[in-house]
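Beneath this line is the structure, given in structure tokens, with notes to follow.
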Protein chains: 2
Amino acid sequence: MNIKDVAARSGLPAKTIRYYEEIGLIRPLRAANGYRAFRESDLHKLAFLGRARSLGFTIEECRALLALYEDETRASADVKALAERHLDQIAAKIRELEDMQKTLSDLVHACAGDHRPDCPILSGLAGTDQKDCCA
Amino acid sequence: MNIKDVAARSGLPAKTIRYYEEIGLIRPLRAANGYRAFRESDLHKLAFLGRARSLGFTIEECRALLALYEDETRASADVKALAERHLDQIAAKIRELEDMQKTLSDLVHACAGDHRPDCPILSGLAGTDQKDCCA
DNA sequence: TATGATGCTTCCAGTCACCGGAAGGTCAAG
DNA sequence: CTTGACCTTCCGGTGACTGGAAGCATCATA
């Protein structure tokens, strides 16, 4: 299989697939003409990587997940621990965004949004309001 | 004021302040010895930028906000529109993270997390489960 | 006055996970 | 034999900084 087919079947851009090879996530064979020759197992790994990335795992976490995936003697506890750490990070990020959302939507609701220059959003950012705007 | 005082009072690292000058967000004066000489107005702008950044505005959005802040003839509607666009992006990001969270926590809950190798998390990522794991 | 510790400057490189594009080799069809 | 689609590598850019090196400036102390 050439890269374009693998891209189509894995859902990853060809550029990304080359990048994953460069950083050692996959090691496709090479044909005599220098083209990458992908096996089904390469495709399989790329699909795995695509799903892990879409769940927000970093590349290094994906590398660890792939290593666990290929290790027949793994303990599922190790996988679970990795996933739980990542879940914690997702939760933290959500909380952070919700804090921003709350602060900013308060400011937005206080703003008339008309032709006049007076603007609680800018006042809030400038810190000229009585109450604090941000953490 | 030298950069370290401004850093302490604005809460931004000195590196970041230099960077903000480099990209034209602030234009502090220079003393005879080449040191940056910050005015109160520079400090004020930096604090503004720090708050806007902490609400998740990009640098370019911060630049626009700062321009609006300094424009006495602005319409608050322009500020509000910018903030609302940003709120939409925050909401979209939260939804994306919540989708990840849901999918991943389902997988985590299905995983025994013991010494055995069988792991629904890895199966889900590999796509060998009956139900789809990711969007 | 010498010295050493800070503090300031600039510049270069690295981060993360790619993406775009240029220059050039390969292949199948007409 | 040419055309066009494919493949290759390499270089540079993204955003918003951060770390570190090399080299002046300033200040407190001996």
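First the proteins, then the strands, lettered A, B, ... as listed; each starts at 1. Quick note: numbers below take in every heavy atom, side chains included, and nothing from hydrogens, waters or symmetry partners.
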Scan B:Lys15 against the nucleic acid and name what it touches under 4.0 Å (heavy atoms): base, sugar-phosphate only, or nothing. base
Option from B:Arg27, B:Lys45, B:Arg36 for which salt bridge (Lys or Arg N to Asp or Glu O under 4.0 Å) with B:Glu21 holds: B:Arg36
Would you mind reading off the distance between B:Leu55 atom CG and D:dA16 atom C1', rounded to a whole angstrom? 17 Å
Short side-chain N/O contact to D:dA16 OP1/OP2 from B:Tyr20, under 4.0 Å: no
On DNA chain C, compare the nucleotides closest to B:Glu21 and B:Lys4; which residue's is nearer the 5' end? B:Lys4
From CA spacing to verdict: salt bridge (Lys or Arg N to Asp or Glu O under 4.0 Å), B:Arg95, B:Asp99: CA-CA 6 Å; B:Arg95 277 194 303 275; B:Asp99 284 351; over 6 Å; no
Roughly how far, to the nearest 0.5 Å, is CD of B:Gln101 from CG of A:Asp88? 10.0 Å
Less than 4.0 angstrom between a side-chain N/O of A:Arg53 and OP1 or OP2 of C:dC18, yes or no? yes
Base, sugar-phosphate alone, or nothing: which one does A:Ile3 contact when heavy atoms must sit under 4.0 Å apart? sugar-phosphate
Using atom CD1 of A:Ile23 as one end and atom P of C:dC16 as the other, report the distance to the nearest whole Å. 10 Å
A:Pro13 has a side chain; which of C:dA17, C:dT26, C:dC19 sits nearest to it? C:dC19
Calculate the interatomic distance between A:Tyr19 atom OH and D:dT9 atom P; express it in whole Å. 16 Å
In Å, rounded to the nearest 0.5 Å, how long is the span from NE2 of B:His44 to CG of B:Leu49? 10.5 Å
Separation of atom CZ in B:Phe38 from atom C1' in C:dT9, rounded to whole Å: 12 Å
Considering only heavy side-chain atoms of A:Ile59, the closest of C:dA17, C:dC8, C:dG25 is C:dA17
For a quick test of reading the model: is some side-chain N or O of A:Thr58 closer than 4.0 Å to OP1 or OP2 of C:dC16? no
Rounded to the nearest angstrom, tell me the gap between atom CZ in A:Arg30 and atom C1' in D:dT8. 8 Å
Nucleotide C:dC8, atom C1' - distance to CG of B:Leu29 in whole Å: 16 Å
Exceeds 12 heavy-atom contacts within 6.0 angstrom, atom CZ of A:Arg39: yes
Rounded to whole angstroms, how far apart are CG on A:Asp5 and C1' on D:dC7? 12 Å
Ignoring backbone atoms, establish whether A:Arg18 has a side-chain N or O less than 4.0 Å from OP1 or OP2 of C:dG20. no
Can you see if the side chain of A:Asn33 gets near the phosphate of D:dT8 - specifically, an N or O under 4.0 Å from OP1 or OP2? no
Strictly below 4.0 Å: does B:Arg36 bring a side-chain N or O up to OP1 or OP2 of D:dA25? no
Is any side-chain N or O of B:Thr16 closer than 4.0 Å to OP1 or OP2 of D:dT18? yes
Rounded to whole Å, how long is the line connecting atom CD1 of B:Ile26 with atom P of D:dC17? 12 Å
